[in-house]
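Protein chains get the first letters and strands the later ones, always in sequence-line order, with residue 1 at the start of each.
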Amino acid sequence: MPAPPASENELIQRADALAGRSLGDLAAELHLPVPPDLKRHKGWIGDLLEHVLGAEAGNASEPDFPHLGIELKTIPVDDRGRPKQTTWVCVAPVGVLDPGPWWTSAVRRRLARVLFVPILGDGPPGERWCGVPVMWSPDADQEATLKQDWDTLTELLAAGEVWQWHARHGTALQLRPKAATSSNRTWVTDDEGEWVQTVPRGFYLRTSFTAGILAGEARLLDP
DNA sequence: ACTTGATCATAC
DNA sequence: GTATGATCAAGT
């Protein structure tokens, strides 16, 4: 496996060199198996790129590149570069009385600096390929949007308004189930102080928001 | 077509 | 069970 990149520039250079390369190729270089589809290997592309770029695996609650403070995200895009799926961020504070202020939140930390690697193609995983990567930090507008969504969502969570814990809130961030199955349950106190069970939730970035990130950076590359 | 709710594998 | 990595697939 490649050693971790020593600097952000080195990471960007490695990622740039991946543009246009097929995932099958990259997997072959590392002697990793290529699944026929992603139905039972949903994290395969993300794991593959972690290996290819020298991320340190398995460091819980740490960025993928801890020494650089950078998070790696792969994101499936269509032929126009628009995201086809939402982007996982982190677990939501379900059953937590005080989520604390935005500026100390896990969402803000995880999104402080992100390397997005677009993945093109609809066929078997090995036949898909990497696009031009985007190193991103939220600008003032984006951070304000994220903060507002986070404030709204964590207020609903802290208030125990369980019936409001659906995916239709938020312009950038949304709240969705995050579990192995819907029978997964966690205990929380609802708005009337009763103990109830509900499925764990996580925060995701809407495709409309990530589309802005990818398109905004693309304009800088090709004015 | 798109979004929301549900789900899959693996490590610790 | 909680965390990592996400996509699947039903519903609208």
Side-chain angles (χ1 to χ4, degrees), chain A residues 1 4 23 26-27 30 32-66 70-80 82-96 99 105-107 109-111 114-128 130-131 133 149 153 156-157 162-188 197-212 214:
Chain A
M1 298 298 157
L23 303 186
L26 297 174
L30 297 178
L32 296 172
V34 181
D37 60 61
L38 299 179
K39 287 182 185 175
R40 294 183 177 279
H41 303 273
K42 296 183 179 182
W44 181 76
I45 297 179
D47 290 339
L48 172 63
L49 269 291
E50 283 185 3
H51 289 305
V52 168
L53 292 172
E56 333 229 6
N59 282 339
S61 290
E62 291 259 294
D64 295 300
F65 302 95
I70 294 170
E71 178 74 16
L72 174 66
K73 292 289 182 196
T74 60
I75 182 166
V77 299
D78 64 20
D79 51 17
R80 290 155 40 231
R82 280 207 121 241
K84 294 196 288 194
Q85 302 284 344
T86 52
T87 300
W88 159 253
V89 181
C90 61
V91 295
V94 168
V96 175
S105 71
V107 172
R109 234 181 308 124
R110 297 294 290 278
L111 298 180
V114 182
L115 178 65
F116 285 98
V117 179
I119 303 297
L120 286 296
D122 287 303
E127 295 177 15
R128 303 185 193 187
C130 300
D149 287 345
L153 294 172
L156 296 174
L157 289 167
V162 178
W163 73 94
Q164 294 258 37
W165 297 357
H166 54 66
R168 298 186 292 279
H169 297 294
T171 63
L173 269 186
Q174 66 177 170
L175 196 60
R176 298 233 301 280
K178 170 63 174 178
T181 72
S182 59
S183 57
N184 268 248
R185 282 306 195 266
T186 187
W187 285 99
V188 299
Q197 286 184 313
T198 188
V199 66
R201 304 308 206 279
F203 290 121
Y204 294 78
L205 295 178
R206 293 185 180 278
T207 56
S208 54
F209 186 75
T210 49
L214 299 179

Mind listing the residues from residues 85-95 of chain A sitting with a heavy atom below 4.0 Å of DNA chain C? Number order is fine. A:Q85, A:T86, A:W88, A:V91
I need the [atom1]-[atom2] distance between [X] and [N], as an integer number of Å.
X	N	atom1	atom2	result
A:D64	C:dA3	CG	P	16 Å
A:R206	C:dA6	CZ	P	20 Å
A:R201	C:dA3	CZ	P	15 Å
A:F209	B:dC2	CZ	P	20 Å
A:L173	B:dT3	CG	P	16 Å
A:L49	C:dA6	CG	P	8 Å
A:L153	B:dT4	CG	C1'	14 Å
A:Q197	C:dG1	CD	P	10 Å

Would you find a donor on one side and an acceptor on the other, under 3.5 Å apart, between the side chain of [X] and the backbone of [Y]?
X	Y	answer
A:K73	A:W88	yes
A:N184	A:A179	no
A:D149	A:T171	yes
A:R40	A:D37	no
A:R128	A:G123	yes

Heavy-atom pair with the smallest gap, counting every atom of A:W44 and A:A27: CZ2-CB, 4.0 Å
Closest contact, heavy atoms only, A:L175 versus A:F203: CD1-CE2, 3.9 Å
Just call it for [X]: base, sugar-phosphate, or nothing, with non-hydrogen atoms closer than 4.0 Å on any strand.
X	result
A:R82	nothing
A:T186	nothing
A:P76	sugar-phosphate

Tell me, do A:E71 and A:L111 make a side-chain contact under 4.5 Å, heavy atoms counted? no
A:I70 side chain near A:V114 side chain, heavy-atom distance below 4.5 Å: no
Would you say B:dT3 has OP1 or OP2 under 4.0 Å from some side-chain N or O of A:Q174? no
Using a cut-off of less than 4.0 Å, is there contact between a side-chain N or O of A:R110 and OP1 or OP2 of C:dA3? no
First of A:N184 and A:G46 reached from the 5' end of DNA chain C, by closest nucleotide: A:N184
So, taking the atom named OH in A:Y204 and the one named CD in A:Q174, what distance separates them when rounded to the nearest 0.5 Å? 8.5 Å
Roughly how far, to the nearest 0.5 Å, is CZ of A:R82 from CZ of A:R80? 6.5 Å
Take the C1' atoms of the five end pairs on each side of the helix from B:dA1-C:dT12 to B:dC12-C:dG1, derive the two axes, and give their angle rounded to 10 degrees. 30°
Restricting both atoms to N or O, compile the protein contacts to nucleotides 7-9 of chain B shorter than 3.5 Å, with distance only.
from  : atom 1 : to     : atom 2 : distance (Å)
B:dT7 : OP2    : A:S182 : N      : 2.5
B:dT7 : OP2    : A:S182 : OG     : 2.7
B:dT7 : O2     : A:K42  : NZ     : 2.6
B:dT7 : O4     : A:A179 : O      : 3.4
B:dC8 : O3'    : A:R40  : NH1    : 3.4
B:dA9 : OP1    : A:R40  : NH1    : 2.7

Residues passing the ring-ring contact (aromatic ring centres under 6.0 Å, His included) test with A:W165, sequence neighbours excluded, are none
Got a sec, which residues hit salt bridge (charged side-chain N to carboxylate O under 4.0 Å, His left out) with A:K84, two or more places apart in sequence or on another chain? A:D122
Please walk me through it: do A:H169 and A:Q164 pass side chain to side chain donor-acceptor pair (under 3.5 Å)? CA-CA 8 Å; A:H169 297 294; A:Q164 294 258 37; 3.1 Å; yes
In numerical order, the residues of residues 163-170 of chain A whose heavy atoms come under 4.0 Å of DNA chain B are A:H166, A:A167, A:R168
